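See below for the structure under consideration.
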Amino acid sequence: WQHAELRPVIEQAAGELRARDPRFAPFLDAAFPAQRDREAELARWIETAEAESDPMKKGEAYHAAARLLRDELGRTDEAVDRLDYALDSYWCEELPESSLETAIAPFRELLQIHTAAARPRSVDRPHRTTIHRVKSLPRLHQLRPPLYRELADVYRTRLDNESSAQACF
């Protein structure tokens, strides 16, 4: 490519076009074989997640799909959906305490996406959802105070909502 710095932008646009109108797939596959390979890998991760009955393995597959969507394909809105699926899968009664870091990783990635996209109103949602998940698993009560502190900080610094911040404390 003469302008290699444009390749990621062009590949992202090609991926968006593929998602919007599958009739362009043969042309895009020929022009962007790496894109086709990433799309195939994404399909495999999603198939694995949908077929999996173990919640931790299902969460890992959705998490891998989300990373691929975000990092390789540049489709952050779809990545947000898959990160939510990963969180839904991880946060279950079977969640071992040894896997807490794995289970909280999609939450942190959601925060990064919303913060990077300058969507301050969206940043509080992952906090509230994660707090709700933690409440449903009393054995993980030790996670609640730091989540409430972070949520209070979001309300105070990003949303300028002092009363909601006070309620979190």
Side-chain angles (χ1 to χ4, degrees), residues 8 12 15-16 18-20 35 37-161 163-169:
Q12 180 177 348
E16 290 169 2
R18 173 193 294 280
R20 251 184 283 137
Q35 178 84 19
D37 295 344
R38 288 190 292 266
E39 292 287 347
E41 182 182 357
L42 174 63
R44 284 191 302 275
W45 280 120
I46 292 171
E47 279 178 32
T48 300
E50 291 172 350
E52 186 58 61
S53 60
D54 178 270
M56 292 303 292
K57 290 180 182 174
K58 181 184 282 273
E60 289 168 5
Y62 278 130
H63 197 181
R67 278 193 230 110
L68 187 63
L69 282 161
R70 182 194 63 209
D71 300 339
E72 300 291 328
L73 298 171
R75 295 179 357 217
T76 54
D77 289 340
E78 290 178 66
V80 165
D81 292 340
R82 297 301 170 185
L83 287 168
D84 279 332
Y85 293 165
L87 285 169
D88 289 341
S89 299
Y90 283 140
W91 290 93
C92 62
E93 280 300 319
E94 294 87 35
L95 175 64
E97 287 195 40
S98 62
S99 297
L100 282 178
E101 284 304 313
T102 300
I104 206 105
F107 163 73
R108 301 277 181 223
E109 291 174 33
L110 280 170
L111 291 181
Q112 289 173 346
I113 289 171
H114 290 303
T115 301
R119 299 183 213 167
R121 294 258 172 235
S122 301
V123 175
D124 71 324
R125 191 176 136 266
H127 278 93
R128 288 184 285 114
T129 305
T130 301
I131 288 169
H132 178 73
R133 286 181 175 111
V134 170
K135 278 183 180 178
S136 71
L137 299 171
R139 63 191 174 83
L140 303 178
H141 68 278
Q142 75 273 17
L143 292 177
R144 288 172 59 191
L147 289 170
Y148 275 115
R149 274 193 300 280
E150 288 179 22
L151 182 57
D153 186 54
V154 166
Y155 281 129
R156 190 169 12 92
T157 61
R158 297 182 190 170
L159 301 176
D160 196 29
N161 187 337
S163 62
S164 293
Q166 295 267 334
C168 289
F169 286 123

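Side-chain atoms are counted along with the backbone in the values below, which use heavy atoms only and exclude waters and symmetry mates. None of these values were measured; they are calculated from a predicted model.
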Value for CZ (Phe107) from CG (Asp84), rounded to nearest 0.5 Å, stands at 11.5 Å

Rounded to the nearest 0.5 Å, the CH2 atom of Trp45 sits from the CD atom of Glu50 at a distance of 14.0 Å

Quick one: does Glu72's side chain get under 4.5 Å of Leu42's, heavy atoms only?
no

Check whether any side-chain heavy atom of Ile113 sits under 4.5 Å from a side-chain heavy atom of Leu83, and report yes or no. yes

List the steps, then state whether side chain to side chain contact (heavy atoms under 4.5 Å, CB included) holds for His63 with Glu109.
-> CA-CA 10 Å; His63 197 181; Glu109 291 174 33; 2.8 Å; yes

Correct closest heavy-atom pair for Pro106 and Ala86 would be CG-CB, 4.1 Å

All heavy atoms of Trp91 vs all of Ile104, minimum pair found to be CZ2-CD1, 4.0 Å

Apply side chain to side chain contact (heavy atoms under 4.5 Å, CB included) to Leu69 and Val80, showing your working.
CA-CA 9 Å; Leu69 282 161; Val80 165; over 6 Å; no

In short, salt bridge (Lys or Arg N to Asp or Glu O under 4.0 Å) pairs touching residues 53-66 with sequence neighbours left out are none

Going through the distances and angles, do Ile46 and Arg82 end up as a side chain to side chain contact (heavy atoms under 4.5 Å, CB included)?
CA-CA 9 Å; Ile46 292 171; Arg82 297 301 170 185; 3.6 Å; yes

Hits for side chain to side chain donor-acceptor pair (under 3.5 Å) against Arg75, two or more places apart or cross-chain, chain-then-number order -> Glu39, Glu78

